[in-house]
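Every chain is numbered from 1, with letters handed out A, B, ... down the list of sequences. Excluded from the calculations below are hydrogen atoms, water molecules and symmetry mates; all remaining heavy atoms, backbone and side chain alike, are included.
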There are 2 protein chains.
Amino acid sequence: MVTKQFNGSLDEADLTRADSLAREIFSDIANKWALLIIESLGERTLRFSEVRAGIEGISHKMLTQNLRMLERNGLVDRTVHATVPPKVEYTLTESGQALRVTIDGMCDWTHTYLGHIEESRRRFDG
Amino acid sequence: MVTKQFNGSLDEADLTRADSLAREIFSDIANKWALLIIESLGERTLRFSEVRAGIEGISHKMLTQNLRMLERNGLVDRTVHATVPPKVEYTLTESGQALRVTIDGMCDWTHTYLGHIEESRRRFDG
DNA sequence: CCGTATCCCAGTGGATACTG
DNA sequence: CAGTATCCACTGGGATACGG
């Protein structure tokens with residue numbers, strides 16, 4: 001980008017691009033299944049079927065779709081073992097681990113405020 | 001719950017209930033719009049229309065719906081000023097603030113790994 | 001076992017209009 | 001200005017089947 005040679009910082013077009021990219025990534029990742037998959041993988045390496053078993057209610061399709069998305073964004077590594085039957089393993093990358101830490105925070109939050117939330121719901125619903 | 005008097009910990013039924021509740025809360029909150037609303041509110045108090053202006057692409061309906069949900073779960077306070085025209089203000093509660101901290105973490109993460117992600121996508125798509 | 005493709009329905013969410 | 005309701009297009013996501 002030509003304007004960069006005139007100043008060290010990003011120009012407006014770059015900022016816009018970076019923002020919209022950030023927003024796109026956020027939209028990819030800020031969904032229930034993606035977060036649950038990351039949380040479920042944790043520090044382990046799991047097979048497709050094991051991830052599936054660990055997440056109640058996720059369909060085959062949603063799991064595939066989200067794992068692909070996470071792989072594309074570099075959050076999980078996918079290893080195919082050329083055996084019969086095939087065996088495919090998933091594991092979090094460094095960036096995946098980094099995100100997991102923040103998701104752990106969300107989970108902790110949920111448990112910390114469970115009581116508050118239940119009570120708030122009762123008040124609201126009544 | 002009767003069994004509680006026999007031991008200090010939660011019985012199985014309670015655990016199941018707490019888990020499914022936690023899961024339900026997680027499903028409520030782990031969606032793009034809810035997270036963006038919380039992040040956008042930050043430490044400020046904003047009117048409905050101001051929140052809307054701050055979040056590109058959110059529809060009137062989605063904003064209302066998510067604000068209601070957040071209010072119900074006790075993450076935002078809603079104050080109606082009985083003026084003409086009406087003025088409704090939203091602000092994060094203590095629990096909302098606590099969750100915001102973890103969402104800030106996700107945003108930081110996004111910006112930290114922006115480069116990694118872009119490159120990973122290029123590799124994947126090619 | 002894992003992945004992709006196809007079909008199909010239910011529910012999400014946008015647009016619009018009306019109320020307080 | 002904010003909320004609710006109605007309508008409807010659309011797609012998200014489940015079920016299923018087949019391929020590697």
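- Of the side-chain N and O atoms in A:Thr64, none sit less than 4.0 angstrom from OP1 or OP2 of C:dT4.
- Between A:Arg47 and C:dC1, a side-chain N or O to OP1/OP2 separation shorter than 4.0 Å is absent.
- Straight-line distance from the CE atom of A:Met69 to the C1' atom of C:dG3: 17 Å, rounded to whole Å.
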Show your working on side-chain contact (heavy atoms from CB on, under 4.5 Å) between A:Arg78 and A:Val88 and close with a plain yes or no. CA-CA 7 Å; A:Arg78 177 168 177 272; A:Val88 183; 3.9 Å; yes
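- Rounding to whole angstrom units, NE2 of residue A:His60 and C1' of D:dT16 are separated by 11 Å.
- Residue A:Arg68 is classed as a sugar-phosphate contact, given heavy-atom separations below 4.0 Å to backbone atoms only.
- Nearest heavy-atom pair across A:Ala34 and A:Met69 is CB-CE, 3.9 Å.
- Look at CG on B:Asn66: it is 15 Å from C1' on D:dG3, rounded to the nearest Å.
- Residue contacts for B:Arg78: at a heavy-atom cut-off of 4.0 Å it reaches the sugar-phosphate backbone alone, with no base atom in range.
- At a threshold of 4.5 Å between non-hydrogen side-chain atoms, the residues B:Thr91 and B:Thr79 do not count as touching.
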Pair B:Tyr90, B:Thr45 - check side-chain contact (heavy atoms from CB on, under 4.5 Å), show working. CA-CA 6 Å; B:Tyr90 294 91; B:Thr45 293; over 6 Å; no
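- The side chain of B:Thr83 places no N or O atom within less than 4.0 Å of a non-bridging phosphate oxygen (OP1 or OP2) of D:dC1.
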side-chain contact (heavy atoms from CB on, under 4.5 Å) assessment of B:Thr102 paired with A:Thr102: CA-CA 6 Å; B:Thr102 77; A:Thr102 79; 5.6 Å; no
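- Between A:Phe48 and B:Ile58, the residue whose closest nucleotide on DNA chain C is further toward the 5' end is A:Phe48.
- Between the C1' atom of C:dT4 and the CE atom of A:Met62 lies a distance of 13 Å, rounded to the nearest Å.
- Between the P atom of C:dC7 and the NZ atom of A:Lys61 lies a distance of 12 Å, rounded to the nearest Å.
- For B:Leu46 and D:dA2, the CG to P distance is 11 Å, given to the nearest whole Å.
- Each of A:Pro86 and A:Gln65 was matched to the nucleotide of DNA chain D holding its nearest heavy atom; the match closer to the 5' end belongs to A:Gln65.
- Contact between the side-chain N/O atoms of A:Tyr90 and the OP1/OP2 oxygens of C:dC1 is not found at any separation under 4.0 Å.
- Spacing between atom CG of B:Leu67 and atom P of D:dG3 amounts to 8 Å, rounded to whole angstrom units.
- Note: CD (B:Glu50) to P (D:dC1) measures 11 Å, nearest angstrom.
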